[in-house]
Amino acid sequence: MGLFEPDTNIYRDRDILREDYQPEKIVGRDEELQQYISALQPVINGDQPSNIFLYGKAGVGKTACTGYLLSELQSDAEEYDVDITTIRTNCEDLSTSYQVAIQLINEIRPSEEHVTTGYSKRQIYEMLWEELDKVGNTVIIVLDEVDHIDDDSILYQIPRARANKNLTEAKVGIIGISNDFKFREGLSSKVQSSLCEKELQFPAYEAAELRDILRQRADIAFHKDVVPDAVIAKCAAYGAKDAGDARQSLDLLMETGDIAVEHQAEQLTEAHVDEARDSLEKSRVVEGVNGLTHQGQLVLYALLILNEEGKTPTRARDVQPQYELVCERAAVDPLVPRRMRDHLGELAMLGIASRTERNKGEAGGRYYEYSLDTSPELLLEALEETVDIVGKTESIQQRFGDQV
């Protein structure tokens with residue numbers, strides 16, 4: 001017998017729990033789906049598509065709802081003889097409108113005709129208009145993670161293309177998907193007026209909605225009677241506590257299933273859920289810390305020291321002296337306070353730290369307080385591997401004793 005053999009007792013189809021799986025039915029988003037359907041209604045009438053923007057944190061169903069509704073729209077459009085083309089692109093690695101325009105051209109063109117940089121911005125836009133008109137009829141462009149684009153040129157050019165006579169055959173609408181609720185505020189007024197026709201907010205999932213999502217997936221991914229309701233409820237409760245993120249809840253359920261397989265169990269248990277959560281949390285912390293710059297790790301180390309001394313929540317101005325002391329021990333030049341605050345903000349964005357806004361009125365003004373939002377023990381373990389200050393003065397173990 002070989003080292004590997006198929007597992008047939010727990011999983012029926014593990015891939016059902018992955019992020020790229022598109023469910024046949026969306027659960028937990030009835031109100032948002034109805035608003036989305038109304039926003040897409042002009043398309044089925046053969047009219048110019050509305051520009052639609054979706055806002056919400058990661059894992060709240062924006063992309064899943066978009067994929068589901070566009071699939072339904074495509075199917076219904078064929079019945080009513082409406083010609084629709086959907087072009088989807090993720091802007092995570094695209095920082096300029098120029099790059100997005102090239103990406104859209106290449107989504108339409110065959111691979112042997114792809115373009116790269118080297119053309120002027122005007123030439124790239126002319127190519128884009130030409131390709132869109134070749135496609136013709138109704139074109140819906142989905143820009144996922146649209147907030148990664150630093151300039152809003154393309155968000156102005158595409159909605160205005162027909163009015164500016166750049167397009168004659170294609171009627172184009174944009175669906176922008178963003179995790180940043182304040183993204184719209186950063187757009188120029190002319191872009192806001194022409195682009196943000198319909199805006200939909202996706203709130204965090206509540207525990208009951210997460211239970212429905214997890215049960216829907218579990219019934220397909222696992223064999224019958226392998227996942228008790230108590231396990232679903234516990235995964236959903238953790239997910240609701242961790243910002244209502246369905247993606248995190250599904251990852252937790254998958255890790256729970258993997259642990260049950262590893263233990264050769266007949267079904268998933270709540271103890272497996274706890275073990276899975278500890279494992280995922282450790283991986284998240286290590287990955288987050290390893291992804292920080294060296295300066296970011298030193299800022300985190302300073303906040304960790306203040307936490308252990310009982311001095312958190314704390315303001316950035318009170319982190320600065322401790323941070324400068326850490327830099328001195330590490331033989332590194334400290335950043336100016338503004339840049340140090342940027343690293344604190346990154347820690348909050350990653351969920352390693354929390355940031356709470358305080359308002360002391362006109363006299364005290366508004367400011368942020370920072371505190372750890374992650375197990376100090378896990379952070380110590382991650383920093384032990386990544387922050388090269390141990391041995392130069394005092395080690396982390398000397399400062400914190402037997403915690404590591």
Side-chain angles (χ1 to χ4, degrees), residues 57-60 179 204-205 207 210 234-256 259 273-316 318-320 322-323 325-327 330 335 340-358 367-390 395-404:
K57 294 180 180 179
V60 296
N179 297 341
Y205 285 112
L210 289 173
K234 191 157 194 172
C235 288
Y238 277 139
K241 183 180 179 182
D242 293 337
D245 185 336
R247 176 72 267 134
Q248 289 186 19
S249 298
L250 288 165
D251 286 345
L252 178 59
L253 182 58
M254 182 189 289
E255 183 70 13
T256 302
I259 287 171
V273 177
D274 291 333
E275 186 177 342
R277 189 165 190 261
D278 290 343
S279 174
L280 289 176
E281 177 69 2
K282 182 175 180 179
S283 297
R284 181 186 71 83
V285 171
V286 170
E287 182 180 340
V289 170
N290 287 342
L292 296 172
T293 64
H294 188 51
Q295 285 285 358
Q297 292 168 358
L298 295 176
V299 171
L300 173 58
Y301 184 49
L303 186 62
L304 181 57
I305 292 172
L306 292 172
N307 177 81
E308 294 305 305
E309 292 176 349
K311 296 178 180 178
T312 57
T314 183
R315 298 176 66 168
D318 298 320
V319 177
Q320 186 73 24
Q322 184 64 62
Y323 158 71
L325 183 59
V326 168
C327 288
L335 300 171
M340 194 279 298
R341 285 197 303 272
D342 290 343
H343 285 291
L344 283 173
E346 183 182 9
L347 295 177
M349 183 185 69
L350 291 171
I352 294 175
S354 62
R355 182 172 70 175
T356 305
E357 185 174 355
R358 302 295 185 193
Y367 59 89
Y368 289 111
E369 285 187 339
Y370 298 87
S371 57
L372 288 184
D373 201 22
T374 304
S375 161
E377 289 76 15
L378 290 180
L379 289 174
L380 285 169
E381 185 176 341
L383 285 168
E384 183 72 31
E385 299 171 1
T386 56
V387 180
D388 185 23
I389 61 174
V390 180
S395 71
I396 295 177
Q397 287 98 331
Q398 286 173 330
R399 173 171 283 276
F400 294 111
D402 297 328
Q403 294 185 54
V404 294

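The shortest heavy-atom contact between Ala236 and Leu210 is O-CD1, 3.5 Å. Pairing each heavy atom of Ala302 with each of Val319, the nearest pair is CB-CG1, 4.4 Å. Contact detail for Ala382 and Val285: the closest heavy-atom pair is CB-CG1, 4.3 Å. Taking both residues in full, the closest heavy atoms of Arg315 and Tyr367 are given as NE-CD1, 3.3 Å, listed atom of the first, atom of the second, then distance. Shown here for Gly59 and Tyr205, the closest heavy-atom pair between the two residues is O-CE1, 3.4 Å. Summarising the geometry of Thr256 relative to Cys235, their closest heavy-atom pair is OG1-SG, 4.2 Å, with the distance given to 0.1 Å.
Looking at heavy atoms from C-beta onward, Leu350 lies in side-chain contact with Leu292 at the 4.5 angstrom threshold. Residues Leu325 and Gln322 form a side-chain contact, since some pair of their non-hydrogen atoms from C-beta on lies under 4.5 Å apart. With contacts defined as side-chain heavy-atom distances shorter than 4.5 Å, the pair Asn307/Pro376 qualifies. At least one side-chain heavy atom of Cys327 sits under 4.5 Å from a side-chain heavy atom of Gln295. Residues His343 and Thr293 have side chains in contact (heavy-atom distance under 4.5 Å, counting atoms from C-beta outward). Asp274 places a side-chain heavy atom less than 4.5 Å from the side chain of Lys234.
Rounding to the nearest 0.5 Å gives a distance of 7.0 Å between CG of Leu380 and CD of Glu377. How far CG of Asp373 is from OG1 of Thr312: 11.0 Å, rounded to the nearest 0.5 Å. Here the CD-CG distance, from Gln320 to Leu335, works out to 8.0 Å after rounding to the nearest 0.5 Å. Between Tyr370 atom OH and Leu347 atom CG the span is 9.5 Å, to the nearest 0.5 Å.
Checked against salt bridge (charged side-chain N to carboxylate O under 4.0 Å, His left out), Arg284 has the following partners two or more places apart in sequence or in another chain: Glu281. With sequence neighbours excluded, the residues forming a salt bridge (charged side-chain N to carboxylate O under 4.0 Å, His left out) with Lys311 are Glu309, listed by chain and number. The salt bridge (charged side-chain N to carboxylate O under 4.0 Å, His left out) search around Arg355 returns none, not counting sequence neighbours.
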*Checking side chain to side chain contact (heavy atoms under 4.5 Å, CB included) for the pair Arg277/Leu280: CA distance, chi angles, key distance, verdict?*
CA-CA 5 Å; Arg277 189 165 190 261; Leu280 289 176; 5.9 Å; no
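Note on Asp251 versus Arg247: salt bridge recorded, some NZ/NE/NH1/NH2 to OD/OE distance being below 4.0 Å.
Looking only at distances, a side-chain donor or acceptor of Thr374 sits under 3.5 Å from a matching main-chain atom of Ile352. Here the side chain of Ser283 pairs a donor or acceptor atom with the backbone of Ser279 at under 3.5 angstrom. Proximity of a side-chain donor or acceptor of Gln297 to a complementary backbone N or O of Val289 within less than 3.5 Å is detected.
When each of Leu304, Leu303, Ile305, Leu300 is paired with Val326, the side chain to side chain contact (heavy atoms under 4.5 Å, CB included) condition holds for Ile305 and for no other.
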